[in-house]
Amino acid sequence: MNAYFVIILVAVLFEYALDVVANALNLRAMKPEMPAALQDVYKADEYRKSQEYTRATTRFGFVTGIFSLVLLLGFWFLGGFNFLDEVMRGWDFPIVVTGVLYIGILVLAYSVVSLPFSIYSTFVIEERFGFNKTTPRTFVADLLKGLALAAVLGVPVLAGILAFFEYAGALAWLYCWAAVTLFMLALEFVAPTWIMPLFNKFTPLETGQLRDAIMEYARGVDFKVNNIFVIDGSKRSSKANAFFTGFGRNKRIALFDTLIEKHTVSELVAVLAHEIGHYKKKHILQGIVVRVANTGAVFFLLSIVLGSTGLYDAFFMDEQSTYSGLLFFALLYTPVNVVLSVVLNVVSRKHEYEADRWSAETYEEPASLVESLKKLSAENLSNLDPHPFFVFLNYSHPPLLNRVEAIERRGKQEPALRN
């Protein structure tokens with residue numbers, strides 16, 4: 001029996017089973033009463049609504065998960081990859097063009113068949129729980145912009161990768177690593193200025209108490225920022241958020257308008273102190289280093305297995321090609337991705353604790369961070385008591401209770417420090 005076939009099939013099925021088990025445990029872990037330390041987060045009816053939201057999104061996840069699994073296995077076992085390859089070769093394009101079209105058609109086809117699920121999630125589930133603010137026009141515009149970005153940015157990158165592996169010889173993986181790394185770094189600089197504004201309107205925060213408080217805090221911790229922006233997040237969802245992005249002159253502090261609407265000045269400054277903490281603790285830089293290292297490992301491993309006949313036999317291919325090998329390797333990499341995802345989530349949760357601690361230590365009102373986290377959880381109908389295994393697999397942020405307890409413990413140990 002083909003070893004690649006067995007490894008990939010077991011990996012795909014195991015990943016699906018792991019997700020089902022984690023979600024099932026998470027549903028069973030929900031209790032009718034709120035955790036004692038979080039009694040002030042929800043009213044009783046709101047708490048029931050949050051649990052219903054978790055059930056609805058989880059059950060919908062079961063449906064989309066089994067659909068994706070059946071679609072993949074059906075296309076695989078029925079020889080769909082080889083059939084499409086034969087059609088594409090019949091068009092007699094240059095090999096790189098053929099590869100871009102082959103992968104592009106598969107990605108586009110999956111996006112089309114998955115579109116009803118995205119529509120249902122947005123206009124039924126999110127609408128039912130009061131989150132959705134997206135109009136059909138905005139939804140379609142986002143789809144078209146996403147396709148345009150994929151064409152403008154994704155196609156050249158994919159073509160370059162295929163060309164390197166076709167013509168650059170044994171060091172193709174190294175050239176790909178260097179090129180993709182440069183592309184990733186360039187995106188970090190240009191995304192805040194050129195890409196994000198395609199989807200959201202960034203308006204400079206007007207002069208007033210909030211802006212003055214933020215700028216005062218930023219000066220106090222030696223964080224240089226040229227401007228603070230408000231994002232029109234309310235045109236898509238009532239959920240709130242804040243983030244820091246970019247480097248150098250392009251770095252931005254961004255607040256959702258929904259966040260500003262529902263939080264006090266001190267709470268907003270505490271949230272931004274948390275985001276600045278990520279920058280000060282070099283979490284963003286560390287994340288880039290990890291992504292670059294992982295990219296190099298992926299290309300190196302790809303170069304090893306790309307010429308293996310067994311990989312193509314596992315998908316019933318008549319001919320070998322770089323472009324189909326690239327897709328099949330992505331499936332072969334599934335076990336590594338699962339492990340890497342868990343490890344990165346562990347690191348991310350550690351970083352969140354560190355950013356919380358930074359906020360609590362450098363802002364003169366550390367209790368404001370606790371209040372803001374509680375409000376955000378309530379506004380987003382967050383699950384207050386997730387199962388530990390589900391958290392281990394899926395949470396990039398610690399559960400609310402753990403974050404609140406860590407902040408309060410820190411507050412008892414020493415008073416807030418103002419740098």
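Since this is a predicted model, take the numbers as computed values, not measurements. Hydrogens, waters and symmetry mates play no part in the numbers below; they use all other heavy atoms, side chains included.
Listed for the Ser359 side chain is no donor-acceptor partner under 3.5 Å among the backbone atoms of Ala355. A donor-acceptor pair under 3.5 Å is absent between the side-chain atoms of Arg357 and the main chain of Ile407, judged by distance alone. Although no hydrogens or angles enter the test, the distance criterion places a donor-acceptor pair under 3.5 Å between the side chain of Asn345 and the main chain of Leu393. Looking at Asn380, its side chain never comes within 3.5 Å of a backbone N or O of Ser382 through a donor-acceptor pair. Remark: the backbone N or O of Pro398 is not paired with any side-chain donor or acceptor of Asn402 at under 3.5 angstrom. Arg28 places no side-chain N or O within donor-acceptor distance of the main-chain N or O of His387, the cut-off being under 3.5 Å. Between the side chain of Tyr47 and the backbone N or O of Glu33 there is at least one donor-acceptor pair closer than 3.5 Å. Side chain of Thr122 to backbone of Ile119: no donor-acceptor contact under 3.5 angstrom is found. Judged by distance alone, the side chain of Ser50 and the main-chain N or O of Leu381 form no donor-acceptor pair under 3.5 Å.
The shortest non-hydrogen separation linking Tyr175 to Ala168 is CD1-CB, 3.6 Å. Residues Gly325 and Leu302 share a closest heavy-atom pair of O-CD1, 4.2 Å. Residues Tyr312 and Ser324 come closest through the heavy atom pair CE2-OG, 3.4 Å. Smallest separation of non-hydrogen atoms from Leu162 and Tyr323: CD2-CA, 3.7 Å. Considering every non-hydrogen atom in both Asn394 and Ala22, the closest pair reads ND2-CB, 4.4 Å.
Salt-bridge formation is detected for the pair Arg89/Asp85: a Lys NZ or Arg NE/NH1/NH2 atom is positioned less than 4.0 Å from an Asp or Glu carboxylate oxygen. We find that Lys280 and Glu275 are not joined by a salt bridge, their nearest charged nitrogen and carboxylate oxygen being 4.0 Å or further apart. Salt bridge status for Glu267 with Lys375: present, with a side-chain N to carboxylate O gap under 4.0 Å. Checked for salt-bridge contact, Arg236 and Asp142 meet the test: a charged N lies under 4.0 Å from a carboxylate O. Taking 4.0 Å as the cut-off between side-chain N and carboxylate O, Glu52 and Arg48 do not count as a salt-bridged pair.
Listed by first and then second residue, the salt bridge (charged side-chain N to carboxylate O under 4.0 Å, His left out) pairs that reach into residues 98-113 come to none, sequence neighbours excluded.
Defined by atom type and a distance below 3.5 Å, a donor-acceptor pair is missing between the side-chain atoms of Gln286 and His278. A donor and an acceptor atom, one from each side chain of Tyr120 and Glu127, are nowhere located under 3.5 Å apart. Asp257 and Ser234 share a donor-acceptor pair across their side chains, judged by distance under 3.5 Å alone. A side-chain donor-acceptor contact under 3.5 Å links Thr138 and Thr135. With 3.5 Å as the limit, one finds no donor-acceptor pair spanning the side chains of Tyr102 and Ser321. Defined by atom type and a distance below 3.5 Å, a donor-acceptor pair is missing between the side-chain atoms of Thr334 and Glu15.
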>> Apply side-chain contact (heavy atoms from CB on, under 4.5 Å) to residues Leu187 and Leu153 and explain how you reach the verdict.
In response: CA-CA 10 Å; Leu187 274 185; Leu153 299 178; 4.2 Å; yes
> Can you list the steps and then say if Glu352 with His274 is a side chain to side chain donor-acceptor pair (under 3.5 Å)?
Replying inline: CA-CA 8 Å; Glu352 293 302 320; His274 169 96; 2.8 Å; yes
> Run the salt bridge (charged side-chain N to carboxylate O under 4.0 Å, His left out) check on Lys133 and Glu126 step by step: do they pass?
Replying inline: CA-CA 9 Å; Lys133 302 297 179 183; Glu126 296 296 298; over 6 Å; no
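Counting heavy atoms from C-beta outward, Val338 and Pro335 have side chains that stay 4.5 Å or more apart. By the 4.5 Å heavy-atom criterion applied to side chains, Thr322 and Leu326 are not counted as neighbours. The side-chain heavy atoms of Leu259 and Leu376, taken from C-beta on, include a pair separated by under 4.5 Å. Residues Arg291 and Thr181 are not in side-chain contact: their nearest non-hydrogen atoms beyond the backbone lie 4.5 Å or more apart. Pro388 has its side chain out of reach of Val391: every pair of non-hydrogen atoms, C-beta onward, lies at least 4.5 Å apart. Using a 4.5 Å heavy-atom threshold, the side chains of Val221 and Tyr363 count as separate. Side-chain contact check for Ser238 versus Glu379: every heavy-atom pair is 4.5 Å or farther apart. Inter-residue side-chain proximity for Leu143 and Leu115 is flagged as met; some heavy-atom pair is nearer than 4.5 Å.
When each of Phe83, Phe329, Trp76 is checked for a ring pair (Phe, Tyr, Trp, His ring centres under 6.0 Å) with Phe315, only Trp76 meets the rule. Test Phe81, Tyr4, Phe5, Tyr333 against Phe328 for ring pair (Phe, Tyr, Trp, His ring centres under 6.0 Å) and you get one pass: Phe81.
Tyr53 has its ring centre less than 6.0 Å from the ring centre of Phe131. Between Trp173 and Phe300, the distance from one ring center to the other falls under 6.0 angstrom.
Counting heavy-atom neighbours within 6.0 Å of Lys145 NZ, excluding the residue itself, gives a total above 12. Around CD of Glu206, the count of heavy atoms belonging to other residues, nucleotides or ligands within 6.0 Å does not exceed 12. In this structure, Gln39 places its CD atom where more than 12 heavy-atom neighbours from other residues, nucleotides or ligands lie under 6.0 Å away. More than 12 heavy atoms of other shown residues, nucleotides or ligands fall within 6.0 angstrom of atom CZ in Phe389.
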All N/O donor-acceptor pairs, side-chain side in residues 60-73, below 3.5 Å, sequence neighbours left out:
unit_1 : atom_1 : unit_2 : atom_2 : d
Thr64  : OG1    : Phe60  : O      : 3.3
Thr64  : OG1    : Gly61  : O      : 3.0
Ser68  : OG     : Thr64  : O      : 3.1
Ser68  : OG     : Tyr110 : OH     : 2.8

Identify all side-chain donor-acceptor contacts of residues 194-205 below 3.5 Å with residues at least two apart in sequence or on another chain.
unit_1 : atom_1 : unit_2 : atom_2 : d
Asn200 : ND2    : Asp232 : OD1    : 3.3

